[in-house]
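Quick note on labels: first sequence line is chain A, next is B, and so on, each numbered from 1.
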2 protein chains.
Amino acid sequence: MSLRYALLALLTAQPMTGYDISKGFSGSVAHVWHAPDSQIYPELNRMERDGLLTSEQVPWGKRSTKKEYHVTEAGLTAFRAWMDEPLDIRRQRDPAYLKAAYLDWAQPEAAREQLRKQREYWRDHLALLEGTRAMLLDRSHPTLVARLSHLPEEQGELAARYRIHAYNGLIAHAKTELAWIDDGLALVDELDGQ
Amino acid sequence: MSLRYALLALLTAQPMTGYDISKGFSGSVAHVWHAPDSQIYPELNRMERDGLLTSEQVPWGKRSTKKEYHVTEAGLTAFRAWMDEPLDIRRQRDPAYLKAAYLDWAQPEAAREQLRKQREYWRDHLALLEGTRAMLLDRSHPTLVARLSHLPEEQGELAARYRIHAYNGLIAHAKTELAWIDDGLALVDELDGQ
DNA sequence: ACTGTCATGTAAAACGTTACATGATTCT
DNA sequence: AGAATCATGTAACGTTTTACATGACAGT
């Protein structure tokens with residue numbers, strides 16, 4: 001059910017089409033809540049059916065149109081209610097830790113290969129996160145800019161500070177993962193050398 | 001599909017019943033891969049059907065029996081194959097980060113309350129993880145003991161070292177979360193004071 | 001004319017959560 | 001006798017992934 005609120009969060013910055021969302025997603029909410037197109041479009045339809053969004057047909061090219069979604073009052077209310085609701089904490093379920101715990105069952109070379117892949121993924125991801133945080137810090141991040149344009153100074157400042165805080169957490173997490181993966185690689189080398 | 005491998009991992013230590021697993025789970029694999037009973041029993045049945053496990057009826061009390069699952073050769077092969085397979089990295093999808101990013105939409109007191117709850121959860125969780133790591137370090141952890149009893153010295157050492165490594169990662173992760181949550185609480189106080 | 005990107009989905013399968021259901025055994 | 005724990009699931013529902021499907025528009 002969080003996808004719904006991720007979409008609501010994004011649409012409070014500005015009206016968007018499903019396509020805008022599924023692209024713009026990459027640069028912002030996707031870091032926090034990834035979803036493929038095939039989940040986004042149907043969910044937008046359900047949200048409209050439930051009265052959280054309205055859609056407006058906007059001309060696209062000469063003959064065609066696209067559907068731009070706007071958050072309704074009911075949508076805002078639902079979002080605020082969700083934000084005030086206690087968070088349901090989900091248990092850890094990460095195959096990386098599961099595998100790491102049983103690395104004695106893998107071929108050392110396969111183990112190294114996997115750890116290197118993970119390291120690469122987290123490095124790239126970290127770079128993305130740091131890039132996004134930089135844009136938030138200098139207030140050049142597109143979604144934030146859209147939001148600031150229709151918010152009073154002080155409200156905008158709040159929004160920016162909390163977005164940055166979230167990225168601080170994501171970045172700290174990525175760095176912790178990277179350090180742990182490096183430890184894993186060193187451990188494989190140590191234990192394989194015997 | 002990882003639940004299957006989590007169960008396989010656990011059953012390589014010793015034969016167990018579904019109940020043993022769903023309890024013993026708490027003290028070991030569950031930290032890495034949580035699952036409720038209602039998912040464990042059917043999966044064990046499917047794994048038996050697929051030839052990864054065999055089950056033995058063991059007497060329980062005077063009239064009753066229970067089903068003890070043993071890993072087959074095919075099960076070991078499947079587990080090793082999975083361990084050598086490249087890991088499919090899953091994208092972040094944590095409602096805590098999503099909420100943190102939009103904390104300007106929550107009532108400050110609701111925000112504080114949620115952060116306190118999260119802090120409590122992670123503190124408890126961290127204590128559990130550190131307790132488990134301590135048992136791994138002094139080789140008193142029950143599942144590890146069972147495993148060491150049928151493994152040559154050197155193999156057992158490998159197993160212990162990798163289990164500990166996994167817990168190091170989980171503990172580092174929990175500490176990072178806690179530090180970030182504290183930052184969040186400080187931030188709410190700062191921004192609410194205006 | 002062709003390629004890339006904009007635009008919007010459906011369908012099926014896999015995975016996971018929550019609630020319900022039941023009975024035997026062991027301990028006090 | 002009653003409570004706690006051992007033991008094993010089913011059913012319904014919701015979420016997520018993966019694969020497939022289609023067509024219009026814009027730039028070269």
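Follow the hydrophobic side-chain contacts under 4.5 Å out from B/Met135 and you never reach B/Leu151; the two are in separate clusters.
A cation-pi arrangement is present between A/Arg93 and B/Trp33 under the rule of less than 6.0 angstrom and at most 45 degrees off the ring axis.
Counting to the nearest Å, the P atom of C/dT17 and the NE2 atom of B/His34 are 6 Å from each other. Rounded to whole angstrom, the span from the CG atom of B/Asn45 across to the C1' atom of D/dG9 amounts to 8 Å. Counting to the nearest Å, the P atom of D/dG9 and the NZ atom of B/Lys66 are 14 Å from each other. Note: OH (A/Tyr41) to P (C/dA11) measures 17 Å, nearest angstrom. Whole-Å rounding puts the A/Arg46 CZ to D/dC13 C1' distance at 13 Å. Put simply, CE on A/Met47 is 17 Å from C1' on C/dG9, counting in whole angstrom units. Atoms CG (B/Leu44) and P (D/dA7) sit 14 Å apart, rounded to a whole Å. Here D/dG9 presents its P atom at 13 Å from CD of B/Glu43, a figure rounded to the nearest Å.
Here the straight-line distance linking atom CZ of A/Arg90 with atom OG of A/Ser2 works out to 6.5 Å at 0.5 Å rounding. To the nearest 0.5 angstrom, B/His173 atom NE2 is 15.0 Å from B/Tyr167 atom OH.
The pair B/Arg139-B/Glu157 meets the salt-bridge criterion, with a side-chain N (NZ, NE, NH1 or NH2) lying under 4.0 Å from an Asp/Glu carboxylate O. At a threshold of 4.0 Å, the pair B/Glu43-B/Arg4 counts as salt-bridged, since one of the basic side-chain nitrogens sits closer than that to a carboxylate oxygen.
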Can you tabulate the close N/O pairs, meaning under 3.5 Å, that link protein atoms to atoms of nucleotides 12-15 of chain C?
residue, atom, partner, partner atom, Å
C/dC15, OP1, B/Met1, N, 2.9

Is there any protein nitrogen or oxygen under 3.5 Å from a nitrogen or oxygen in nucleotides 24-28 of chain D, and what are the pairs?
residue, atom, partner, partner atom, Å
D/dC25, OP1, A/Arg63, N, 3.2
D/dC25, OP1, A/Ser64, N, 3.0

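B/Tyr19 has no side-chain polar atom (N or O) that falls below the 4.0 Å cut-off from OP1 or OP2 of D/dT8.
Listed candidates were D/dA7, C/dA7, C/dG9. Nearest to the side chain of A/Lys67 is C/dG9. The side chain of A/Arg93 approaches C/dT17 more closely than any other nucleotide in the set D/dT5, C/dT17, D/dG9. Of the candidates D/dG9, C/dA7, C/dT18, C/dT18 carries the atom nearest the B/Ser38 side chain, counting heavy atoms from C-beta on. Looking at the side chain of B/Tyr69, the nearest of the listed nucleotides D/dT8, D/dG9, C/dT8 is D/dG9.
Counting only N and O atoms by type, the side chains of B/Ser55 and B/Glu48 include a donor and acceptor under 3.5 Å apart. Checking B/Gln57 against B/Lys66 by side-chain atom types alone, no donor-acceptor pair falls below 3.5 Å.
Between B/Glu68 and B/Asp88, the residue whose closest nucleotide on DNA chain D is further toward the 5' end is B/Glu68.
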Per-pair distances, 0.1 Å, donor-acceptor, side chain in residues 115-123 of chain B, under 3.5 Å, sequence neighbours excluded:
residue, atom, partner, partner atom, Å
B/Arg116, NH1, B/Glu113, OE1, 2.8
B/Arg116, NH2, B/Glu109, OE2, 3.4
B/Arg119, NH1, B/Asp182, OD1, 3.3

